[in-house]
Amino acid sequence: MAQLIKTLINLDAVVVACDTTDICEHARQIHGLTYTTSAVLGRALTAAIIMGNSLKNADTSVTLNINGGGPAGTVITVSNSECEVKGYVTNPAVSLPLNDKGK
C-alpha cells in the first residue's frame with residue numbers, strides 16, 4: 001500500500017517521504033512497461049502525488065507534462081489533493097542498456 005508522510009521541521013521546512021512501489025508496479029502491469037519506462041513513469045507519478053498532496057482545494061488537480069526529447073517520448077501524469085494519480089508514457093516499449101550501477 002502506498003504511503004506518504006509529511007512533517008514540518010522547525011517551522012522552516014517541510015519534508016515529504018513517499019513510498020509508491022505498489023502504484024508503480026500497477027502502472028507497469030497496466031501499460032506493459034519495460035524497466036526503463038517503469039522508472040520514468042514511476043518517478044513522474046511520485047512527483048505528481050507529492051505535488052498534488054500540497055494542493056489546498058479538494059476540487060483541483062496538478063498535471064505534469066514532461067517531454068525531455070528522449071526515446072520514451074512524452075510523460076503525462078495527473079494527481080489531485082487526495083493523492084489519486086494516473087499517468088501515461090508515449091512509448092512504453094523503450095528499453096535502454098543498464099548503466100555501470102545496474103540502473
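Residue numbers count from 1 along this sequence. Below, all heavy atoms of this structure are taken into account, side chains as well, without hydrogens, waters or symmetry copies.
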Once side chain to side chain donor-acceptor pair (under 3.5 Å) is applied, do any residues pair with [X], and if so which ones, sequence neighbours excluded?
X	result
Thr37	Thr34
Thr21	Asp19
Glu84	Asn80

Practice prompt. Could you check Val89 against His31 for side-chain contact (heavy atoms from CB on, under 4.5 Å), going step by step and ending with a plain yes or no?
Written response: CA-CA 9 Å; Val89 59; His31 296 286; 5.6 Å; no
Worksheet item: If you draw a 6.0 Å radius around CD in Glu25, do more than 12 non-hydrogen atoms from other residues or ligands fall strictly inside?
Response: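 Counting neighbours around CD of Glu25, more than 12 heavy atoms of other residues, nucleotides or ligands fall under 6.0 Å, so yes.
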Heavy atoms only: give me the nearest [X]-[Y] pair and the separation to one decimal.
X	Y	result
Leu55	Ser79	CD1-O, 4.3 Å
Ser54	Ile50	OG-O, 3.4 Å
Cys83	Ile49	SG-CG2, 3.9 Å
Ala27	Leu33	O-CD1, 3.8 Å

Contacts table for residues 6-17: side-chain donor-acceptor under 3.5 angstrom, sequence neighbours left out:
{"from": "Lys6", "atom 1": "NZ", "to": "Asn53", "atom 2": "OD1", "distance (Å)": "2.9"}

To the nearest 0.5 Å, tell me how far [X] [atom1] sits from [Y] [atom2].
X	Y	atom1	atom2	result
Leu45	Lys86	CG	NZ	12.0 Å
Ser38	Gln29	OG	CD	10.0 Å
Tyr88	Thr77	OH	OG1	14.0 Å

Only distances under 3.5 Å count here; give the side-chain donor-acceptor pairs of residues 92-101 to other protein atoms, sequence neighbours excluded, each with its distance to 0.1 Å.
{"from": "Asn99", "atom 1": "OD1", "to": "Lys101", "atom 2": "N", "distance (Å)": "2.8"}
{"from": "Asn99", "atom 1": "OD1", "to": "Gly102", "atom 2": "N", "distance (Å)": "3.1"}
{"from": "Asn99", "atom 1": "OD1", "to": "Lys103", "atom 2": "N", "distance (Å)": "3.0"}

Just list the side-chain donor-acceptor pairs under 3.5 Å for residues 56-72, sequence neighbours left out, or say none.
{"from": "Thr60", "atom 1": "OG1", "to": "Asn57", "atom 2": "O", "distance (Å)": "2.8"}
{"from": "Asn67", "atom 1": "OD1", "to": "Gly69", "atom 2": "N", "distance (Å)": "3.0"}
{"from": "Asn67", "atom 1": "ND2", "to": "Thr74", "atom 2": "OG1", "distance (Å)": "3.4"}

Fill in: Passing option when His26 is tested against Ile30, Ile23, Asp22 for side chain to side chain contact (heavy atoms under 4.5 Å, CB included)
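Testing each of Ile30, Ile23, Asp22 against His26, the sole residue satisfying side chain to side chain contact (heavy atoms under 4.5 Å, CB included) is Ile30.
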